[in-house]
Asks: 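Please read through the structure below; I'll follow up with questions.
What's counted below: heavy atoms across the whole structure, side chains too, no hydrogens, waters or symmetry copies. Atoms within a ligand are numbered from 1 in the order they appear, just like the ligands themselves.
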Amino acid sequence: MQLTKLLGATAATLALGAAAQAENWDMPMAYAASNFHSEMGQVFADKVGEYTGGALEITVHPGGALFKGGEIKRAIQTGQAPIGERLMSSHANETPLLGWDNVPFLATSFADNEKLWQAAKEPVNTALAEQNLVTLYTCPWPGQGFYFKKEVNSSADTQNVKFRSYNTATATFAEELGMIPVQVEAAELSQALATGVAEAFISSGSTGYDRKVWEQLSHYYKVNAWLPRNYVMVNKQAWDGLDDDTRAAVQKAADETGAACLAKAEELSNWYFEQLEANGMTVTDAGPEFLAELQAIGAKMQEDWLAVTGSEGQAIIDAYTAR
Ligand code: PCA
């Protein structure tokens with residue numbers, strides 16, 4: 001990676017020499033190149049090149065290739081990379097407000113998730129700005145449900161199951177169900193399942209499809225607990241270093257891409273379920289007993305989130321409910 005960075009830096013310097021003001025930004029992304037979030041990252045990069053007339057060119061690096069998912073935010077805060085994308089709620093351990101989209105059963109449709117984002121946007125962007133980050137656009141994953149390698153009807157069936165989590169909320173959910181959470185990046189999920197490090201997880205149909213989890217798992221329960229968002233962030237100094245026209249062009253590209261990505265997520269939701277089924281998985285709603293347990297855990301998690309976010313969290317939920 002050091003060599004890659006050195007070569008990247010050299011290329012950037014040469015490019016600078018060639019075209020006085022042109023800038024090249026590397027954009028680390030955590031998820032598979034074929035995933036719609038990553039494809040939309042490329043759409044965004046293409047639009048930036050077009051709208052800035054080549055003054056700013058962005059090169060996307062999906063799959064955690066340049067920085068692993070867990071390293072992306074810090075890399076951007078510290079200027080090791082000027083721009084990048086990450087699952088917002090993965091930072092809820094350090095900034096609980098960023099778990100706004102992980103409150104179970106609060107907003108379970110794309111329309112409600114968008115309404116919730118409109119309510120959360122200002123305080124969330126302010127919290128990120130305090131961390132040297134400018135948010136350009138966000139995009140939801142489809143609804144979150146549970147993957148298992150057996151039929152599950154209640155928490156009696158989940159005791160001591162090794163569960164892959166992707167943030168604190170998913171780890172809490174697992175613990176409440178008697179499972180043993182282990183945090184694993186989506187990029188390493190297939191391996192974790194193949195080696196038995198994990199034998200269940202919560203996610204969208206999208207990640208199950210990307211990681212071909214039908215090779216180890218058999219059941220998907222469409223719980224639709226929440227729709228977590230990825231966000232594209234820029235280092236504040238890198239952002240301030242752009243001239244006004246370039247910044248406006250990048251923001252236009254971001255606004256368009258955010259809207260297109262939201263539409264894409266919605267369009268693909270059921271398609272992913274069809275693919276899981278075509279590959280032999282049983283895809284169903286959670287049974288009444290399991291669902292009731294999940295809802296009770298969800299209510300407790302909402303209380304816990306409000307306890308740590310205080311009036312700020314409550315203001316988001318109030319603004320959402322009032323919309
Ligand atoms: N896929 C990501 C986050 C949410 C989702 O649907 C993952 O499992 O890591």
Side-chain angles (χ1 to χ4, degrees), residues 28-41 62-65 67-73 84-93 98-110 113 116-117 138-148 162-174 179 181-194 197-217 220-232 261-262 264-273 275-276 281 283:
M29 303 183 83
Y31 298 93
S34 59
N35 182 270
F36 72 94
H37 285 282
S38 306
E39 288 176 354
M40 283 294 160
F67 289 96
K68 288 193 193 308
E71 301 170 343
I72 290 175
K73 174 165 169 272
E85 179 221 45
R86 181 60 175 153
L87 181 73
M88 193 182 276
S89 59
S90 67
H91 316 310
N93 57 335
L98 301 183
W100 63 274
D101 57 358
N102 270 211
V103 178
F105 306 111
L106 178 64
T108 59
S109 67
F110 283 95
N113 174 264
L116 183 59
W117 170 236
T138 67
C139 176
W141 290 90
Q144 305 292 289
F146 286 91
Y147 288 88
F148 290 106
K162 285 182 266 173
F163 185 87
R164 174 265 176 172
S165 62
Y166 59 69
N167 62 14
T168 44
T170 50
T172 303
F173 228 135
M179 298 196 277
V182 49
Q183 185 140 347
V184 176
E185 281 300 315
E188 272 120 44
L189 179 58
S190 306
Q191 204 193 344
L193 294 171
V197 166
E199 49 189 354
F201 66 105
I202 184 170
S203 196
S204 57
S206 180
T207 293
Y209 170 77
D210 285 347
R211 305 275 63 123
K212 297 187 170 52
V213 302
W214 49 80
E215 289 176 3
Q216 286 86 22
L217 308 182
Y220 184 74
Y221 293 99
K222 299 191 271 185
V223 172
N224 217 16
W226 60 73
L227 289 74
R229 289 203 174 207
N230 283 358
Y231 71 119
V232 170
C261 191
L262 171 71
K264 193 76 188 167
E266 188 160 12
E267 178 195 320
L268 286 171
S269 299
N270 281 323
W271 184 84
Y272 287 127
F273 293 149
Q275 302 313 305
L276 297 180
M281 294 192 75
V283 179

Asks: Backbone, side chain, both or neither: what part of Phe201 comes under 4.0 angstrom of ligand 1, heavy atoms only?
Replies: neither
Asks: For Ser203, counting its heavy atoms only, list the atoms of ligand 1 lying under 4.0 Å from any of them.
Replies: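 Result: 1 (N), 2 (C), 5 (C), 6 (O), 7 (C), 8 (O).
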Asks: So, is Trp141 polar-close to ligand 1, with some N/O to N/O distance under 3.5 Å?
Replies: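 In fact, backbone or side chain, Trp141 has no N or O that close.
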Asks: Would you say the side chains of Asn230 and Trp141 form a donor-acceptor pair under 3.5 Å?
Replies: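 Trp141 and Asn230 do have a side-chain donor-acceptor pair below 3.5 Å.
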Asks: At under 4.0 Å between heavy atoms, which part of Pro142 makes contact with ligand 1: side chain, backbone, both or neither?
Replies: neither
Asks: Should we say atom CD of Gln191 is surrounded by more than 12 heavy atoms from elsewhere, each under 6.0 Å from it?
Replies: no
Asks: Need the ligand 1 atom indices (1-based, order shown) with element for anything under 4.0 Å from a heavy-atom of Ala186.
Replies: 9 (O)
Asks: Can you find a side-chain donor-acceptor pair between Ser206 and Tyr272 that sits under 3.5 Å?
Replies: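 Result is yes, a qualifying pair exists.
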Asks: Could you tell me whether the side chain of Thr172 and the main chain of Thr168 form a donor-acceptor pair under 3.5 Å?
Replies: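 It does hold such a pair.
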Asks: Less than 4.0 Å is my threshold; does some heavy atom of Pro228 fall inside it relative to ligand 1?
Replies: yes
Asks: For Arg164, which part has a heavy atom under 4.0 Å from ligand 1: side chain, backbone, both, or neither?
Replies: side chain
Asks: Is ligand 1 under 4.0 Å from a heavy atom in the side chain of Glu185, in the backbone, in both, or in neither?
Replies: neither
Asks: What I want to find out is whether Glu185 reaches Arg211 closely enough, with some N-O distance under 4.0 Å, to be called a salt bridge.
Replies: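 Salt bridge absent between Glu185 and Arg211.
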Asks: What protein heavy atom sits nearest atom 4 (C) of ligand 1, and how far off is it?
Replies: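 The closest one turns out to be Gln144 OE1, 3.5 Å.
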Asks: For ligand 1 and Ser204, I'd like to know whether there is a polar contact (N/O to N/O, distance under 3.5 Å).
Replies: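 So ligand 1 has an N or O lying under 3.5 Å from an N or O of Ser204.
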Asks: For a quick check under 3.5 Å, do Thr207 and Asp210 share a side-chain donor-acceptor pair by atom type?
Replies: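 There is no such pair (donor and acceptor under 3.5 Å, judged by atom type) between the side chains of Thr207 and Asp210.
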Asks: Would the Tyr221 and Phe146 ring centres measure less than 6.0 Å apart?
Replies: no
Asks: Just to be sure I'm reading this right: ignoring hydrogens, which of Thr207, Asn35, Asn230 gets closest to atom 2 (C) of ligand 1? Compare them by their nearest heavy atoms.
Replies: Thr207
Asks: Given side chains that start at C-beta, do those of Trp271 and Tyr209 come closer than 4.5 Å, heavy atoms only?
Replies: yes
